[in-house]
Each structure stands twice: as structure tokens, then as C-alpha cells.
Amino acid sequence: MAEIAAAAWAVGEVVSTTAQVGIGAYMVSKPTMPLKATFSQIATSSDDNTRLSLSRSGHSVSVVGNKAYIFGGETAAGKLASTDIHSITVSHEEKPYSDYAVIPAIPDQTDGPVPVARTKHAACGFNICVAVFCGLDEAGELIDETCIWLFVTGKSSWESLRPSDASAPSPEPRSEGNLFDHQNKLLLYGGKNKAGEALKDVWLFDYAKSTWRQFPDAPVSSSNAAVCNGVLHIISGTDTMSSDLHLLELGTEPGDEHKWQTIPFPTNPMTPGPRPRVGAGLLPITTGYGRHYLAFFFGARQQAGHPTPSEPSKPSTQDSPANEQTYWSDIWTYQLPSASHEAKATFSLSEVIKPAKIKDSIRHALGYDSGGHSWGEAEVMPLADLEASAGKVHPGPRGFFGCDVMKDGRSIIMWGGVDAKGEREGDGWIIRLE
């Protein structure tokens, strides 16, 4: 009996070990793309022909905590939106919040200044604030200011940041710039100057020291930029066969070496990838476990010879094939490398225990492609409960909307924009990628 029991135990161990090996092999070989995307419409508004209208483009959407803050832009009536902030709760936590609020522009100090109405400004969530830089005024002229405006969400008021030394080098005023929160500092890239010329400069504002520091200029000027894991990513391209991804490691100290790297990628039927576009969303997302992507979605088709065209009033069909879309409705994800595959000494437990890093190391050792530096088009999935979802099930082709990453790191909120008819939309969507 003992031998039978021992034999049975041995067989069980073999079966269990074989099953574990099989599951492990499946998980290692399972591809990391394409991701799946689900859309849910969270709100919709009709144009009320006032400056409070949420049917707009050229605005910004910035997420701070569980709220999205909509600011600026141009309404469907062709007017600049008011200086009010529209606050929308995008995720509910233990503490109850109002789902929607309109917050008037109030200075932090009595009789202090507040930002004027604007469109095509740069903005981002910054700590507990919404940071705003420059833009265009009612007349379409560049707003000539060098300060950074901060909307302090906890106080619902505005304050301004200015360099401690007004004579020190600083970025010139601009429209259509890109602003990012980088390690509690504000990173500014690109845009257009007063003459309408494209800018390639990169600046970092130190909030604690109130100083600007300049990085090497980017190889190109582009409206498609994002920061992920301390790296500035810029996508550029004007032809239909290929585009480029430009990378700059930002570092943390003034003495760190900064050098641009360019990675070309094809966009043809043999190797699919996102076509050149403007007015699109480019955001860093994560699916957890150390896996990071760039989500590149929607936008207007970019015409050859126009590297940084502005928002059109109506969709252009000139020089376009009859079957060519003017606006895109697709979502592409670019898988960023999880980490180096080489063994390196580390004193950080969080750097060691990252399933994505472990999986990629195993795949690399077995000769599999880890998927790093590659594109995949996200598969659009229906909502689990279609009957519960009212209205549209997809935003449709559009560009020049406002968007940001939500607190969970894998969901995106987008609002408004210009649709394929050239009309401004007033609805909000949450895109979840997994």
C-alpha cells in the first residue's frame, strides 16, 4: 500500500508540475498586444450658443485626482469659451463629490489676476493643480505672457508662477504647446510662436526654485508628444509609408547627458501602424505589472508638406483620394520596453519584482519577441451591458479634442473636438484599455 500511495503521489506531482509548466509556457508565449478598448459615453451636451457651451475644440482636459477639469477652447458658435472651469467627476471614491460643477475664475488673493479666455493653450494636471501656459486670445493673437497659471483645485482659485529672475533665459510665448508634469516639475515642448513658426524647444520649470532650464531642441516640431517614465516621446511623419518616434531621456540633474534618439517605424499594409495625424491624442498608459504603452488615437489626417497644420474649420477634401478619411477613429498602442534584458545590480525591490520585466526577460532568453518598440491596433470591444449604455456606442472620427489619462493609469477621458463634418462636439467619453 505504501508503494501504491507513493506512486500515486509521484504521478500527482508529475501531473501538477506538468500543468504548471504548461500554464507558465502559455503565459510567457501569450502576446502583449493588441490591447482591447471599450468606450462608454459619460455625458453629452448640446450647444447653447453661449461661452459656457461644452461643444468646443482647442480646449484642455486635465485630470487631478478623480476629477477632470475642462478649460478654454472655442465653442461651436465660434466664440472663445469663458474662463470658467468645468469640473466632472470621472471616478467615485469614498468621499462624495459633485458629479459636475462650473467654477468661475477667482484669484487666490484679493484683487489678484486671473487668466484671460484662450484657446490652443498648453495644460496638464500638476500635483493638486491644473497648469496652463499661453494660447490664443479672442482675436486669434498670441497671448503675450511668460507666467504659468495654476488653478488650485483644493481652493478653486487661480495663482501664477513666474521665474525668480526675469532676466534669465525662458521660453517665448506660444500656442499649441505641450505641457507635462515631470517629477513635480513642468516640462514644456514645441508649439508655434507669434509669427506662426513651429517651435522645437524643450524647457523644464522647477517649481521649488522658480527657474527654467533648457534641453536640446527636438529634431522636429510636432503636436504629438507624451512623457512616460522620464522619457519625452514625440511622433512625427508626413508620408503614408513611415513615421518616426523621437525619444529624449530627461534625467533628474542639470549635469545629466541628454541626447535625442530617433526610431523609424513603417505604416504600410505589410507592417501596419498609425498613419500621420494631427489633433490626435497621445497619452502614456499602463496595464499594470510594469507594462507601459503609448496610446495614439483619433485625429485628423495630416497632409504631406504640412508637418504641424492647425485645426481646420471644415474638413478638407482637396488632394485627397475619394476613399481617404479626413478624420481617424482608430486607436494604436506602442509597447514601451519594460526594462533592459541584461542582468544589472539593483537595490530597489520594486525594480526586481515586475512581472512584465520578468516575462520579457524569459521571452528574450527563449528567442521570443517581447513586443517592445512595436505597434498594435486596439480591438474595440462592446460594453458588457449595451442596454444600460444610452446614446452612441463610439465617438466616431474626430480630432482636436481634449484628453488625459485617468487615475487608474489605463483609462482615458476625452471631451469634445471636431467631427468628420467639421462640427464641434460636446460629449465626453471614457476609453478603457486592457
Side-chain angles (χ1 to χ4, degrees), residues 23-40 42 61 63 65-66 68 90-93 124-125 180-182 224-233 235 245 247 263 265 272-274 280-299 329-341 348-366 368-384 394-395 403-414 429-434:
I23 293 171
Y26 167 75
M27 294 304 294
V28 168
S29 63
K30 187 178 180 181
T32 54
M33 288 197 294
L35 299 185
K36 293 177 172 57
T38 55
F39 290 82
S40 56
I42 58 170
V61 174
V63 172
N66 70 330
V90 291
S91 62
H92 290 276
E93 299 173 344
C124 70
F180 311 99
D181 180 354
H182 169 60
N224 304 312
V227 172
C228 183
N229 291 338
V231 178
L232 174 60
H233 302 79
I235 295 177
L245 177 66
L247 312 172
I263 302 174
F265 59 88
L282 180 63
L283 294 171
I285 64 164
T286 178
T287 54
Y289 308 107
R291 182 73 68 198
H292 296 273
Y293 302 84
L294 296 178
F296 193 31
F297 55 102
F298 293 67
S329 60
D330 52 358
I331 301 180
W332 292 83
T333 57
Y334 183 83
Q335 183 177 318
L336 299 172
S338 58
S340 172
H341 298 302
S348 171
L349 184 62
S350 63
E351 287 298 316
V352 175
I353 306 177
K354 283 189 176 179
K357 178 179 178 181
I358 296 171
K359 177 179 176 179
D360 288 353
S361 297
I362 295 173
R363 289 174 66 91
H364 181 75
L366 295 176
Y368 291 111
D369 182 10
S370 65
H373 289 306
S374 62
W375 287 99
E377 185 173 5
E379 296 179 0
V380 177
M381 308 297 291
L383 288 172
H394 191 280
C403 63
D404 201 2
V405 179
M406 291 171 52
K407 190 175 179 180
D408 63 4
R410 70 174 65 204
S411 301
I412 293 169
I413 178 172
M414 61 179 291
W429 294 82
I430 287 180
I431 310 169
R432 182 174 176 82
L433 293 156
E434 53 190 352

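The chain is numbered in sequence order, starting from 1.
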Next on the checklist: Looking at V231, is its backbone amide N or carbonyl O close enough to the side chain of H233 to form a donor-acceptor pair, meaning the two atoms are under 3.5 Å apart?
Outcome noted: yes
Item to check | Euclidean distance, I431 CD1 relative to R410 CZ, rounded to 0.5 Å | outcome: 15.0 Å
Checklist entry - Going by the angle between their ring planes, with limits at 30° and 60°, are W429 and F39 parallel, tilted or perpendicular? => result perpendicular
Next on the checklist: Could you work out, with side chain to side chain contact (heavy atoms under 4.5 Å, CB included) as the rule, every residue matching A68, not counting sequence neighbours?
Outcome noted: V61, V63, V90, I413
Next on the checklist: Let me confirm one number: the OG1-CG distance from T287 to L35, rounded to the nearest 0.5 Å.
Outcome noted: 6.5 Å
Checklist entry - Going from CG on L283 to CG on L433, what distance comes out if it is rounded to the nearest 0.5 angstrom? => result 10.0 Å
Checklist outcome for this item: To the nearest 0.5 Å, atom SG of C403 lies from atom CZ of F297 at 4.0 Å
Next on the checklist: Please check this pair: side chain of T286 against backbone of R291, looking for a donor-acceptor N/O pair closer than 3.5 Å.
Outcome noted: yes
Checklist entry - How would you list, by chain and number, every residue that makes a salt bridge (charged side-chain N to carboxylate O under 4.0 Å, His left out) with D330, sequence neighbours excluded? => result R277
Item to check | pair L245-F296: side-chain heavy atoms closer than 4.5 Å | outcome: no
Checklist outcome for this item: Sequence neighbours excluded, the answer for side chain to side chain contact (heavy atoms under 4.5 Å, CB included) partners of S411 is M406, D408, I430, R432
Checklist entry - Relative to the ring of W332, is the ring of W375 parallel (under 30°), tilted (30 to 60°) or perpendicular (over 60°)? => result perpendicular
